[in-house]
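Everything on this sheet refers to the single structure shown next.
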Amino acid sequence: MEKLLVPARAPAPLSLPSGLAFDEATPSWMSKADNAWQLTAATLVGLQSIPGLVILYGGGVKKKWAINSAFMAFYAFACVLFCWVSWGYRMSFGEELVPFWGKANVALDQQFLLDQAFLGKFPNATMVFFQSVFAAITLILIAGALLGRMNFYAWMMFVPLWLTFSYTFVAFSIWCPKGFLFKNGLIDYSGGFVIHLSAGVAGFTAAYWVGPRLAKDRERCPPNNIILMLAGAGLLWMGWTGFNGGDPYAASVDASLAVLNTHLCTATSLLTWLALDILYFGKASVIGAIQGMITGLVCITPAAGVVQGWAAIIMGLCSGSIPWFTMMVVHNKSKLLQKIDDTMAILHTHAIAGSLGGILTGLFAEPRLCYLFSGSYGQYVGLFYAFQMRQIHAGFRQIGIQLLGVLYVMTINVIVTSIICLLIQFVVPLRMSDQDMEIGDEAVHGEEAYAIWGDGHRQDSSWYPNSGNPETELPVTKRKAAACEVEMT
């Protein structure tokens, strides 16, 4: 008997759980896990600025500048986001205008925002927000060099101008796949060049043009609340999980490595700085520990996901010692450095630490980790691995491109920041008047940070021997219960 031929059944369509199924809100190119992590990472970075740096700045200056310092950060965050979606994002990551700059365009229309981002498995809307918080924190870091004397109206003008004509230049050149330094293989994992070196150099340059604080404010500048500084520093440290962990643009093994390396380098740097303070000054300084924490975070940023754990420890040792030396020894012996009033030592904690991290990345970048991050094998080779692989030329080339990146970022920021400051001077003064600087927040904003003498009432001026100077100490008999001021290291 002939066998009956039964036609083969077509395979049943793949049935996914409703939470994983594709629909109009979840296109096939999007990873829900990656999108969720990217939004979380962006929020963590945003929290580093508000409230992180708002608290750190507000607590780290004299009481009379607490509001102004915090509000400079608060304003910058809002202003940058508005400018970013209006023109900044497309200038940094859009169509090429020249090899170091993109074409200005809005990032607001639905068709663009819901389409896939240039990298990663998530929409443009996620990428725009993620990159906006990086741009915002850069401007807020610049503010750290200018606290206590910059005219707030000049700062309101400086933020959009610097974002437009400096940040977008550097971001496009280094991070955009069309940028010339990106194409040449510069490694900047999460912003050691684009954010920290830029902020450090721009802040120091702007501090030169703005001028110093009052002499007495520079000589005696105790933080008004070190506990608040620690709270802000803690938010900054933990927020770096998103800062470095978000830059593979995926919830990947590389992101996990970046997070671990970040905290390992930071802890090592803090301990190194603390040990040097104890050996040199004989005391364990809280403010010094915060500075060591920041230099560790900055130094590991360009390398976070492309170096091994032992390299992260070495980078922590370097970031806790070299910026310490430039701040505590070189700075005190240099008349030029002392002339420029860098309130929060942004030059040392960000420019020097960022440059250091960028150069060390050129030494320690591991080829396979670079492949996991970039998807390109053999283009990125740290010098130490180049010797091992007998590709010495590739290793020296990597060091060369890292050094070129340092020089490029420094040059752009010195020139552009100087031009912006000079132009603003034609509209409003860069520096407050001496009278306003004598008074502080109440003169600038009509508000005071602390109402400790009653329900919103100011202290009676008769408490002061010299009522015209609110910084004059109280008579001994009337300040027994007052907290002791802690001098800045």
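- The closest donor-acceptor contact from the side chain of Arg90 to the backbone of Val106 lies under 3.5 Å.
- Looking only at distances, no side-chain donor or acceptor of Trp240 sits under 3.5 Å from a matching main-chain atom of Thr262.
- The one candidate from Phe169, Tyr408, Phe182 that meets the ring-ring contact (aromatic ring centres under 6.0 Å, His included) condition with Phe100 is Phe169.
- Between Phe134 and Phe130, the distance from one ring center to the other falls under 6.0 angstrom.
- Taking the side chain as every heavy atom from C-beta outward, Phe193 and Ser173 never approach each other to under 4.5 Å.
- With hydrogens and angles ignored, the 3.5 Å screen pairs a side-chain donor or acceptor of Trp175 with a backbone N or O of Asp188.
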Trace of the side-chain contact (heavy atoms from CB on, under 4.5 Å) decision for Asn124 with Tyr89:
CA-CA 10 Å; Asn124 277 316; Tyr89 176 79; 4.1 Å; yes
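- Checking side-chain atoms of Thr411 against main-chain N and O of Leu407 turns up a donor-acceptor pair under 3.5 Å.
- Atom CG of residue Leu186 and atom CD1 of residue Ile401 lie 6.0 Å apart, to the nearest 0.5 angstrom.
- Thr349 has its side chain within reach of Met327: a pair of non-hydrogen atoms, C-beta onward, lies under 4.5 Å apart.
- A donor and an acceptor atom, one from each side chain of Trp65 and Asn224, are nowhere located under 3.5 Å apart.
- Residues Pro51 and Leu235 have side chains in contact (heavy-atom distance under 4.5 Å, counting atoms from C-beta outward).
- Proximity of Leu197 to Val170: side-chain heavy atoms (C-beta onward) are nowhere separated by under 4.5 Å.
- Looking only at distances, a side-chain donor or acceptor of Asp441 sits under 3.5 Å from a matching main-chain atom of Ile67.
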Starting from the C-alpha separation in whole Å, work towards a yes-or-no answer on side-chain contact (heavy atoms from CB on, under 4.5 Å) for Leu44 and Phe243.
CA-CA 7 Å; Leu44 287 170; Phe243 199 105; over 6 Å; no
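- Remark: Leu230 CG to Ile287 CD1 distance equals 9.0 Å, nearest 0.5 Å.
- The nearest pair of heavy atoms linking Lys178 to Glu95 is NZ-CA, 3.7 Å.
- Annotation: side chain of Phe112 is in contact with side chain of Val128 (closest heavy-atom distance under 4.5 Å).
- A donor-acceptor pair shorter than 3.5 Å can be found between the side chains of His263 and Thr241.
- Note: Tyr380 and Tyr371 fail the aromatic proximity criterion, with ring centroids not under 6.0 Å apart.
- A 4.5 Å side-chain heavy-atom check between Ile346 and Phe204 finds every atom pair outside the cut-off.
- Looking only at side-chain heavy atoms (C-beta outward), Asn35 and Pro123 come within less than 4.5 Å of each other.
- Other residues, nucleotides and ligands contribute at most 12 non-hydrogen atoms within 6.0 Å of the OH atom of Tyr153.
- The shortest side-chain heavy-atom distance between Met293 and Leu236 falls under the 4.5 Å cut-off.
- Judged purely by atom type and a 3.5 angstrom limit, Ser269 has no side-chain atom pairing as donor or acceptor with the backbone of Thr266.
- No side-chain N or O of Thr361 forms a donor-acceptor pair with one of Tyr189 less than 3.5 Å apart.
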Do Val329 and Trp324 pass the side-chain contact (heavy atoms from CB on, under 4.5 Å) test, and can you show the C-alpha distance, the side-chain angles, and the key distance before you say yes or no?
CA-CA 8 Å; Val329 180; Trp324 182 93; 4.3 Å; yes
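- A salt bridge does not link Asp217 with Arg149: none of the charged nitrogens is closer than 4.0 Å to a carboxylate oxygen.
- Residue-environment remark: CZ (Phe74) stays at or below the threshold of 12 foreign heavy atoms within 6.0 Å.
- In this structure, the side chain of Arg213 does not engage the main chain of Cys221 through any donor-acceptor pair within 3.5 Å.
- In terms of heavy atoms, Gly203 sits closest to Ile142 at CA-CG2, 3.9 Å.
- Side-chain atoms of Asn244 do not come within 3.5 Å of backbone N or O of Ser190 as any donor-acceptor pair.
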Between Tyr249 and Asp247, does a side-chain contact (heavy atoms from CB on, under 4.5 Å) hold up when you go through it step by step?
CA-CA 5 Å; Tyr249 301 132; Asp247 263 302; 3.7 Å; yes
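- Heavy atoms only, all atoms of each residue included: Thr295 and His348 are closest at CG2-O, 4.4 Å.
- The backbone N or O of Met156 sits less than 3.5 Å from a side-chain atom of Tyr75, completing a donor-acceptor pair.
- Checked against the 6.0 Å centroid threshold, Phe152 and Phe71 count as a close aromatic pair.
- Between the Ser319 side chain and the Gly316 main chain, a donor and an acceptor come within less than 3.5 Å of each other.
- Ring pair Trp84/Tyr167 is perpendicular by interplanar angle, where above 60° counts as perpendicular and below 30° as parallel.
- By the 30° and 60° cut-offs, the orientation of the rings of Trp87 relative to Phe82 is perpendicular.
- Between Trp101 and Phe172, the shortest heavy-atom distance links the atoms N-CD2, 3.2 Å.
- Nearest heavy-atom pair, Ala284 versus Leu274, reported as atom, atom and distance to 0.1 Å: CB-CD1, 3.7 Å.
- Under a cut-off of 6.0 angstrom, the local environment of CD in Gln308 is crowded, with over 12 non-hydrogen atoms contributed by other residues, nucleotides or ligands.
- The two residues Ala250 and Ala255 make their nearest non-hydrogen contact at O-CB, 3.6 Å.
- The 12-atom threshold is not exceeded at OH of Tyr208, counting heavy atoms of other residues, nucleotides or ligands nearer than 6.0 Å.
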